[in-house]
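All chains are named by letter (A, B, ...) in the order of the sequence lines, taking the proteins before the strands, and each is independently numbered beginning at 1. All values below were derived from every heavy atom in this structure, side-chain atoms included, with hydrogens, water molecules and symmetry-related copies excluded. Keep in mind it's a predicted model, so treat the numbers as computed, not measured.
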Amino acid sequence: MTAKKNSSLYQGIYNLVQQIPPGYVCSYGRIGQLVGCTARTVGFALAALPLNNDVPWQRVVNRHGQISLRADGAGHVLQRDLLVSEGVCFCEKKRIDMSTYGWKFLEPEPSGSVCA
DNA sequence: TTGTTGACTCTGA
DNA sequence: CTCAGAGCCAACA
């Protein structure tokens, strides 16, 4: 089953990102490990995403909980805006608290989700 | 097929 | 904590 194909790799990444609830973020390595590839591959997959996609790529950040500069050199601003718009707060200078917003695969509901 | 690049991560200092 | 270097995987020329 499953018949995983090369394209399935990207599909798996997109599917996983789509499972991220609003107000939460995930790291590349986490998704990469779930799909069976490295963080670089995840970033590459998201980079190949069209501007109008059904994948909340903005919820994907690096391991430090910060937004990495895109190949375009711009977009991290948009990403930050989208995250803040969803409820994620960048308390520490564009830094997200993974302990609070770090979404875990199949993780139960969180407890408070607000930022002073 | 090989070499380079890339939205990253890890380890060491 | 921050900075720097090396590594891993996938796509492109």
Of the nucleotides [options], which has the atom closest to the [X] side chain?
| X | options | value |
| --- | --- | --- |
| A:Thr38 | C:dT2, B:dT9, C:dC9 | C:dC9 |
| A:Phe44 | C:dA11, B:dA7, C:dC8 | C:dA11 |
| A:Thr41 | B:dA7, C:dC9, B:dT9 | C:dC9 |

What's the separation between atom CG in A:Asn53 and atom OH in A:Tyr14, rounded to the nearest 0.5 Å? 8.5 Å

Straight-line distance of A:Arg80 CZ to A:Ile67 CD1, nearest 0.5 Å: 7.0 Å

Take atom [atom1] of [X] and atom [atom2] of [N], then tell me their distance rounded to the nearest Å.
| X | N | atom1 | atom2 | answer |
| --- | --- | --- | --- | --- |
| A:Asn62 | B:dG6 | CG | P | 17 Å |
| A:Ile13 | C:dA10 | CD1 | C1' | 10 Å |
| A:His64 | C:dT2 | NE2 | C1' | 10 Å |
| A:Arg80 | B:dA7 | CZ | P | 20 Å |
| A:Trp57 | B:dA7 | CH2 | P | 12 Å |
| A:Leu82 | B:dA7 | CG | P | 19 Å |
| A:Leu34 | C:dC9 | CG | P | 16 Å |
| A:Tyr10 | C:dA10 | OH | P | 9 Å |

Are any side-chain N or O atoms of A:Gln66 and backbone N or O atoms of A:Arg95, one a donor and one an acceptor, separated by less than 3.5 Å? no

So A:Leu69, base contact, sugar-phosphate only, or nothing? Heavy-atom distance under 4.0 Å. sugar-phosphate

Flag if over 12 foreign heavy atoms under 6.0 Å of CD, A:Gln18: yes

Below 4.0 angstrom from OP1 or OP2 of B:dA7, is there any side-chain N or O of A:Arg63? no

